[in-house]
Amino acid sequence: MEDKQFELRKSKLEELRAMGIDPYANGFTPENNAGELISLYVSKSPEELEEMEQSFSLAGRIVSKRDFGKSAFFHLSERTGRIQGFVQKNSVSEETFTLFRKFLDVGDFAGIRGELFKTRTGELTVRVLELFFLTKALRPLPEKWHGLQDVETRYRQRYLDLIANERTREIFKTRSKVINLIRRFLDERDFLEVETPVLHPIAGGATAKPFVTHHNALDMDLYLRIAPELYLKRLVVGGLERVYELGRTFRNEGVSTKHNPEFTMIEFYQAYATYEDLMNLIEDLVCCVVENTAGEMQVEYEDKKIDFKRPWKRINIYDALREKFGSEITEDDQFLFTKADSMGITHNGIRGKALTEIFEALFEDSLLNPAFVYGFPLDVSPLARKNDNDPEVVDRFELYICGREIANAFSELNDPIDQKKRFADQAEMKKKGEDEYHEMDNDYVSALEYGMPPTAGAGIGIDRLVMLLTNSSSIREVIFFPHLRP
RNA sequence: GAGCCGUUAGCUCAGCUGGUAGAGCAACUGCCUUUUAAGCAGUGGGUCACAGGUUCGAAUCCUGUACGGCUCACCA
């Protein structure tokens with residue numbers, strides 16, 4: 001049997017139609033909003049409000065009702081906040097009063113017109129003079145005090161989560177704000193926002209497994225992008241010296257509290273800059289975002305306190321490892337691989353992989369406050385420029401906050417011959433079973449052959465940044481519709 | 001992919017070592033013209049995730065499946 005509350009609300013809807021009232025009426029345009037009325041009039045005295053004789057109109061969802069028989073209170077919720085309304089038998093027509101009492105349920109949308117007054121308890125309230133039925137909700141809202149708790153329902157029916165839980169609304173407001181701040185920050189510095197393909201013939205720009213899709217007319221497989229990097233750098237070749245793209249990226253990997261198959265990343269590229277310039281830029285950018293969302297330079301995350309105070313620590317991977325194990329770790333392959341094996345690290349004989357994995361295993365968790373980790377080995381950085389002093393490492397860094405990688409950046413490799421060789425080396429590894437390694441991208445190499453100015457670029461994981469700023473322990477809390485099994 | 005935990009009314013949750021289902025909110029019917037978790041009296045509402053099994057008897061024990069959560073693995 002169909003649910004009773006649903007059937008009842010449906011029959012109310014039919015009755016409304018029979019009475020000539022459209023339960024999904026259009027055309028009511030509110031002239032005011034709750035936030036505005038509260039900020040303008042909350043401090044007025046009851047007498048001042050009484051004298052005003054001004055009428056206001058609002059529209060929103062009815063989120064609570066307290067019925068006294070001949071009068072009733074309710075709360076109306078909309079974009080700017082919520083405000084209390086009061087319906088009195090004497091102040092409205094018979095029809096309106098019945099409409100409110102018998103037909104308007106919690107969850108429905110209504111428009112109201114009325115005047116402001118203060119209740120005995122001092123709450124600013126709209127005395128309803130006219131009521132407009134806007135939308136019938138056929139299903140009841142989640143419970144009023146506990147809200148919606150069930151995690152699965154919160155993710156699958158995010159609209160209910162947003163209706164019921166203030167915190168969820170705040171998280172997503174912060175998310176929007178973060179994105180907006182980043183755009184403004186880069187726009188002010190003369191970066192150009194661009195859009196590059198999501199469908200790639202070759203999945204490049206990162207070390208990750210791609211989603212595969214198929215173009216029917218061309219009868220060819222295409223990959224959802226794992227990074228926009230190689231296209232953005234083609235634009236730098238084209239003379240767009242400062243570009244950024246903020247958008248969705250897809251990686252066909254495991255799902256966890258820190259991984260969603262589609263996630264939001266910003267990448268930006270600046271010609272005539274080095275990775276060190278980008279450390280400073282990212283410090284500026286993240287601090288700007290933190291200051292304008294948290295309001296201070298410290299952020300509570302889980303049981304920790306993250307301090308964004310500058311300057312941020314800069315840690316060299318090789319130095320850190322030598323300090324821990326002595327110089328053998330970087331000079332003696334035997335020592336390195338034995339160490340890696342003893343720590344249960346899979347490296348497949350790739351030096352750089354062993355080094356970075358050992359570093360991560362040992363130091364990642366200790367990097368609470370923002371820290372730039374640099375000195376990455378060349379063989380795990382096929383798109384980064386070689387360091388001028390040490391050809392085994394590249395001019396690359398990662399930003400860690402709270403033990404998590406938030407950003408990755410480097411001076412770009414703009415030597416086409418070196419790039420071609422790096423791709424070839426990667427393709428060689430790929431053959432050996434490292435299937436997430438790059439394949440040869442001749443089209444990109446030929447772009448470099450036309451000359452890319454010295455450039456540095458960075459990618460920042462927006463979801464992870466928002467997690468830190470909203471004290472969210474799972475990436476699913478900061479993505480409206482996270483990936484779940486259907 | 002592995003381990004652990006969970007799934008009971010629209011929502012939030014109880015339900016003990018097995019005896020056939022309970023509360024609050026929501027809903028419904030009354031009463032109530034300043035409440036805000038309004039109040040009072042009454043009523044209805046369940047394929048206990050699904051499928052098997054054990055048992056005289058299963059929400060409860062066992063097995064499997066689905067979905068979810070956490071941890072680990074994988075992974076920028």
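Throughout, protein chains are lettered first and strands after them, A, B, ... in sequence-line order, and every chain is numbered starting at 1. Just so you know, these numbers use all the heavy atoms, side chains as well, and skip hydrogens, waters and symmetry mates. As the structure is a computational prediction, the values presented were derived from the model and not from experiment.
Here A:R66 lies in heavy-atom contact (under 4.0 Å) with a base. If you check every strand for non-hydrogen atoms under 4.0 Å, A:N90 touches a base. Contact annotation for A:E398: base contact, defined as any heavy-atom pair under 4.0 Å involving a base atom. Residue A:G459 is out of contact with every strand shown, counting any heavy-atom pair closer than 4.0 Å. A:K65 comes within 4.0 angstrom of nothing in the nucleic acid, heavy atoms only. Residue A:Q88 is classed as a base contact, given a heavy-atom separation below 4.0 Å to a base. Among the atoms of the strands shown, only primed sugar atoms or phosphate atoms (P, OP1, OP2) are found under 4.0 Å from some heavy atom of A:R476. Nucleic acid contact class of A:E143 (heavy atoms, under 4.0 Å, all strands): base. Within the 4.0 angstrom heavy-atom criterion, only backbone atoms of the sugar-phosphate kind lie near A:Y155; the bases stay farther away. Within 4.0 Å of A:L160, counting heavy atoms only, lies no atom of the nucleic acid at all. Among the protein residues, A:L484 comes within range of the sugar-phosphate backbone only, with heavy atoms under 4.0 Å from sugar or phosphate atoms but none that close to a base. Within 4.0 Å (heavy atoms only), A:T257 reaches sugar-phosphate atoms of the nucleic acid but no base atom.
A:R9 places its CZ atom 14 Å from the P atom of B:G10, with the value rounded to the nearest Å. For A:L148 and B:G69, the CG to P distance is 14 Å, given to the nearest whole Å. Atom C1' of nucleotide B:C11 and atom CD of A:Q5 are separated by 9 Å, given to the nearest angstrom. Here the P atom of nucleotide B:U33 and the CZ atom of A:F100 are 15 Å apart, to the nearest Å. Nucleotide B:U35 holds its C1' atom 17 Å from the CG atom of A:L76, rounded to whole Å. Here the C1' atom of nucleotide B:C74 and the CD1 atom of A:I345 are 14 Å apart, to the nearest Å. In this structure, the CG atom of A:L124 is 15 Å from the C1' atom of B:U35, given to the nearest Å. Straight-line distance from the CG atom of A:D67 to the P atom of B:A38: 12 Å, rounded to whole Å.
The residues A:R101 and A:D67 are annotated as salt-bridged, a charged nitrogen and a carboxylate oxygen being separated by less than 4.0 angstrom. Between A:R156 and A:E152, at least one side-chain nitrogen of the basic residue sits less than 4.0 Å from a carboxylate oxygen of the acidic one, meeting the salt-bridge criterion. Taking 4.0 Å as the cut-off between side-chain N and carboxylate O, A:K4 and A:E7 do not count as a salt-bridged pair. Between A:D425 and A:R422, no side-chain nitrogen of the basic residue sits less than 4.0 Å from a carboxylate oxygen of the acidic one, so the salt-bridge criterion is not met.
Candidate nucleotides B:C11, B:C28, B:C70 were compared by shortest atom distance to the side chain of A:P142, and B:C11 ranks first. Taking every side-chain heavy atom of A:Q84 into account, B:U35 is the closest of B:U34, B:U12, B:U35. Of the listed nucleotides (B:U33, B:G10, B:C25), B:G10 has the atom at the smallest distance from the side chain of A:P140.
B:A58 and B:A49 have their C1' atoms separated by 16 Å, with the value rounded to a whole Å. Across the C1' atoms, B:G42 and B:C32 are found 16 Å apart, a figure rounded to whole Å. Comparing B:C13 with B:G46, their C1' atoms are spaced 15 Å from each other, to the whole Å. Remark: the separation of the P atoms in B:G64 and B:A2 is 12 Å, to the nearest Å.
Residue A:H483 is the one, among A:H483 and A:A206, whose nearest nucleotide of RNA chain B lies closer to the 5' end (criterion: closest heavy atom). Both A:A409 and A:D150 lie close to RNA chain B; mapped to their nearest nucleotides by heavy-atom distance, the more 5′-ward contact belongs to A:D150.
Using modelled atom types, no side-chain atom of A:N252 and backbone atom of A:K209 make a donor-acceptor pair closer than 3.5 Å.
A cation-pi arrangement, defined by a distance under 6.0 Å to the six-membered ring centre and an angle within 45 degrees of its axis, is absent between A:R175 and A:F172. Cation-pi geometry between A:K65 and A:F100 is satisfied (NZ or CZ under 6.0 Å from the ring centre, within 45° of the ring normal).
At a cut-off of 3.5 angstrom, the base of B:C11 holds no donor-acceptor pair with the side chain of A:H146. One cannot find a donor-acceptor pair under 3.5 Å joining the base of B:U34 and the side-chain atoms of A:S71.
For A:K144, a side-chain nitrogen or oxygen approaches OP1 or OP2 of B:A26 to under 4.0 Å. Not one side-chain nitrogen or oxygen of A:R485 sits closer than 4.0 Å to the OP1 or OP2 atom of B:A66. Taking 4.0 angstrom as the limit, A:K102 places none of its side-chain polar atoms (N or O) nearer than this to OP1 or OP2 of B:A27.
Stacking of the aromatic ring of A:F73 onto the base of B:U35 is found: the ring centres lie under 5.5 Å apart and the planes are inclined by under 30°.
A donor atom on one side chain and an acceptor atom on the other are not found under 3.5 Å apart for A:Q149 and A:H146.
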